[in-house]
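Written out below as structure tokens is the structure these notes cover.
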Number of protein chains: 2
Amino acid sequence: MAIFSKTCEYAIRAVFFIAHKTATGSRVGIKDIAQGIDSPEHFLAKILQDLSRKGLISSIKGPHGGFYIDTPALSRPLSEIVEAVDGNSLFVGCALGLKQCSEINPCPLHNEFKAIRNRIHAMLATTTIGSFNEELMEGLLSLKK
Amino acid sequence: MAIFSKTCEYAIRAVFFIAHKTATGSRVGIKDIAQGIDSPEHFLAKILQDLSRKGLISSIKGPHGGFYIDTPALSRPLSEIVEAVDGNSLFVGCALGLKQCSEINPCPLHNEFKAIRNRIHAMLATTTIGSFNEELMEGLLSLKK
DNA sequence: TTAATAAAAGATATTTTTGTCTTTTATTTT
DNA sequence: AAAATAAAAGACAAAAATATCTTTTATTAA
């Protein structure tokens, strides 16, 4: 099992992709994004529509339209994307799927896993959507293959 | 998204359950296990058959039969269960699903996530199947709800 | 050696995730 | 206004994960 759903993997990669394209001043169409992150175009379209509805990314229809991310949104944490797509179970859920797992009713992995969960959350909460724009423009980081 | 598949959650809970029953000297039937960890009986049966085929747990058919875990297997790491069920992608895979993500071709989250992956693996590699037998017998840990 | 027990195996069903294709709506340019 | 562009929305399809039910096989006990 991967840590994120396929949907969420595509969402994160697309958001990074759009962010760094926006940083160069241009909007970007679904076709370019899908090809830039190697994802199925129409499936990605659904995901971006959803993120757009939730106000995490922006879009404009028609000629010279496309997706972009406005400046304030560039400093939002990646955790908001993950939460919008996969929910917050990765941040708060029990490793063994127990609904009532807690300090006073712990599963065997509770304490260890809580620390891991927190670390995952910390990683996503401290990296912003625009964090990697420079490295992406320089081609130092990969979003496909 | 949860960190493990449902199948894997059931597998881990069942293995802990069988381990601590074994520690009390008795074999345990699928019905008792399913009820002891609050899982669908027949679905769990499949999972245990698989673990049994792979030699991670043992079983005996017929009256007074049931599942058990022999002494050497009690000190096996939990990571073997996880790997048998969910594969090793949680331990080695890229957070963004990129097949070729690596030191020399990293995704944006590569370094941070590698540390997290390693920590997850460490947790599972250092906890053995029998680790929690005492606390389970004393009712200090939960495997259901 | 028959009946009872319990896991193994097989077949099927449901739900969720992932992916594709088509139509509609908004916007811009000619 | 008409044509072109591009996202939004809707309908549908395939695959994978989860779940249920039935039959078979192995073992034990009467």
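Here is how names work: the chains are called A, B, and so on, in the same order as the sequence lines, proteins then strands, and each is numbered from 1. In this text the structure is predicted, and so the values were computed from the model without any measurement. FYI, side chains are in, hydrogens and waters are out, and symmetry mates aren't considered; it's all heavy atoms of this structure.
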Show which residues join B:Tyr68 in its hydrophobic cluster (side-chain heavy-atom contacts under 4.5 Å, direct or indirect), or state none.
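Members besides B:Tyr68, by chain and number: B:Ile60.
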Residues that, via side-chain heavy atoms closer than 4.5 angstrom, fall in one hydrophobic cluster with B:Leu140:
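Grouped by the 4.5 Å side-chain rule, B:Leu140 forms a cluster of one, so the answer is none.
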Within a 6.0 Å radius of atom CD on A:Glu135, are there more than 12 heavy atoms belonging to other residues, nucleotides or ligands?
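Above 12, so yes.
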Please list, by residue number, the residues of residues 15-37 of chain A whose heavy atoms come closer than 4.0 Å to an atom of DNA chain D; answer none if no residue qualifies.
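Hits under 4.0 Å, by residue number: A:Val28, A:Gly29, A:Ile30.
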Using only side-chain N and O atoms of A:Ser59, determine if any of them is under 4.0 Å from OP1 or OP2 of D:dA8.
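Result: yes.
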For B:Asp32, all residues meeting side-chain contact (heavy atoms from CB on, under 4.5 Å), sequence neighbours excluded
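Partners of B:Asp32 by the side-chain contact (heavy atoms from CB on, under 4.5 Å) criterion, ordered by chain and then number, come out as B:Val28.
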Kindly state each residue pair satisfying side chain to side chain donor-acceptor pair (under 3.5 Å) with at least one member in [range], sequence neighbours excluded.
range	result
residues 35-46 of chain B	none
residues 3-20 of chain B	B:Ser5-B:Asp86, B:Lys6-B:Glu9
residues 105-119 of chain B	B:Glu103-B:His110, B:Glu103-B:Lys114

Could you pull out the protein-nucleic contacts involving nucleotides 28-30 of chain D (nitrogen or oxygen on both sides, under 3.5 Å)?
none

If I take atom [atom1] in residue [X] and atom [atom2] in nucleotide [N], what distance separates them, rounded to the nearest angstrom?
X	N	atom1	atom2	result
A:Asp38	C:dT18	CG	P	16 Å
A:Asp50	D:dA9	CG	P	10 Å
A:Gln49	D:dA11	CD	P	14 Å

Using the test salt bridge (Lys or Arg N to Asp or Glu O under 4.0 Å), find all partners of [X] that sit at least two apart in sequence or belong to another chain.
X	answer
A:Lys144	none
B:Lys61	none
A:Glu80	A:Arg76

Please write out the pairs of protein N or O atoms and N or O atoms of nucleotides 17-20 of chain D separated by less than 3.5 Å, giving the distance to one decimal.
unit_1 : atom_1 : unit_2  : atom_2 : d
D:dT18 : OP1    : B:Lys6  : N      : 3.1
D:dT18 : OP2    : B:Thr7  : OG1    : 3.1
D:dA19 : OP2    : B:Tyr10 : OH     : 3.1

